[in-house]
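Small disclaimer: the values here were computed from a predicted structure and weren't measured. Atoms within each ligand, like the ligands themselves, are counted from 1 in listed order. Heavy-atom basis, side chains included; hydrogens, waters and symmetry copies ignored.
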Amino acid sequence: MLLINEIYSAVCGESRFIGRPCVLVRLTGCHLRCLWCDSEHSFSGGERLSIDAIMERIALAGLPTVLVTGGEPLLQKPVVELMARLLDDGRTVLLETSGTRAPDSAVPLTAVPEGVHRVVDVKAPGSGIDAGQIDWAGLAALGERDEIKVVLKDRADYEWARELVKNDQRIPRGVRIGFSPVFGHLEGAHLAEWILEDRLDVVVQVQLHRVLWPDQDRGV
Ligand code: SF4
């Protein structure tokens, strides 16, 4: 059983799959409280569903790509079985996770089934999350199928992330890295200009669902 906050059809808002229609499966619960979190509704509520029931709802949506997100989806161990079954079903599976050290009961990044595209947040200081909580060992194990996302609130966050990309050996080479501005705090154009000035080999990302549906917080 998994505690599911919501399941709906959407377009992928970020990552190399940006714009691709998908079934979004949001799990309830998160051990963090990022200051700019836009998914606070995922902290509680939802319904307990069996893996079979979740698979049925996904099949009904009729889309081959599934985005598993939260909250923090790795807090619930049966999510591993869900992802494995989705892969067996021939689906493209994306997992969005916070990239932090979670309670011992959680699934480590390294236990995510082979074949899942792991999209891992690295929390910049503006998130309010201490860098000591980042799962550096898990990040080091990422490969070319995976990607790192850094959400940036301001120039100080950008400079922290720039240092990370240029000089920190804990970030594996060859992994796609995206920098995203916090909606309402940092202009995407400013971020793009800084990246160009510094000749950083990272991708500028804006949350597509914010552009397409600026007035909707849920269901997009
Ligand atoms: S990890 Fe994600 S869901 Fe959890 S508080 Fe941070 S932004 Fe919100």
Side-chain angles (χ1 to χ4, degrees), residues 2-8 10 12-15 17-18 22-47 66-79 82-83 93-112 116-139 142 146-154 156-158 160-161 164 177-186 188 191 205-210 213 216-220:
L2 282 166
L3 184 56
I4 297 293
N5 197 265
E6 52 190 354
I7 299 176
Y8 58 89
C12 294
E14 292 174 294
S15 83
F17 295 91
I18 188 166
C22 66
V23 190
L24 188 149
V25 180
R26 189 185 304 284
L27 276 66
T28 296
C30 186
H31 60 300
L32 302 179
R33 292 293 180 267
C34 302
L35 296 175
W36 37 252
C37 179
D38 61 359
S39 308
E40 291 170 325
H41 62 282
S42 69
F43 293 165
S44 59
E47 56 181 327
V66 180
L67 170 61
V68 179
T69 186
E72 173 47 76
L74 294 182
L75 290 183
Q76 300 187 53
K77 278 203 164 140
V79 74
L82 174 65
M83 292 188 286
V93 183
L94 284 72
L95 169 73
E96 288 184 342
T97 177
S98 68
T100 54
R101 288 185 292 109
D104 287 345
S105 56
V107 178
L109 255 183
T110 48
V112 172
V116 171
H117 298 273
R118 296 174 290 189
V119 181
V120 183
D121 258 344
V122 174
K123 299 295 183 188
S127 67
I129 306 302
D130 189 273
Q133 281 186 262
I134 296 173
D135 177 10
W136 296 108
L139 288 175
L142 297 180
D146 307 312
E147 44 195 288
I148 286 171
K149 178 176 84 168
V150 194
V151 179
L152 306 170
K153 188 165 157 277
D154 51 26
D157 269 3
Y158 170 75
W160 181 88
L164 192 74
I177 300 175
F179 283 6
S180 305
V182 176
F183 186 75
H185 285 269
L186 176 60
L191 176 58
Q205 302 189 137
V206 288
Q207 293 174 303
L208 181 61
H209 50 282
R210 291 280 188 192
W213 298 286
Q216 267 179 262
D217 285 332
R218 297 189 60 163
V220 295

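Every atom of ligand 1 with a heavy atom of Leu32 under 4.0 Å away is listed here by number and element: 1 (S), 5 (S). Taking every non-hydrogen atom of Trp36 and a distance limit under 4.0 Å, the qualifying atoms of ligand 1 come out as 7 (S).
Checked by atom type and distance alone, the side chain of Asn5 pairs as donor or acceptor with a backbone atom of Ser44 at under 3.5 Å.
Look at Cys30 and atom 4 (Fe) of ligand 1: an N/O/S atom of the residue is under 2.8 Å from the metal.
By the 4.5 Å heavy-atom criterion applied to side chains, Cys22 and Leu94 are not counted as neighbours.
Among Trp160, Tyr158, Trp36, the one residue that satisfies the side-chain contact (heavy atoms from CB on, under 4.5 Å) test with Leu152 is Tyr158.
Proximity of His31 to ligand 1 is not established, as no heavy-atom distance is less than 4.0 Å. Residue Glu72 places no heavy atom under 4.0 Å from ligand 1.
The salt bridge (Lys or Arg N to Asp or Glu O under 4.0 Å) test applied to Arg210 returns Asp38, Asp217, not counting sequence neighbours.
Counting heavy atoms only, Cys37 comes closest to atom 8 (Fe) of ligand 1 of the residues Cys37, Gly71, Gly99.
The protein non-hydrogen atom at the shortest distance from atom 5 (S) of ligand 1 is Cys34 N, 3.3 Å.
Electrostatic pairing of Lys149 and Asp121 counts as a salt bridge here, judged by a charged N lying under 4.0 Å from a carboxylate O.
Inspection of the Glu72 and Ser98 side chains reveals an N or O donor paired with an N or O acceptor under 3.5 Å.
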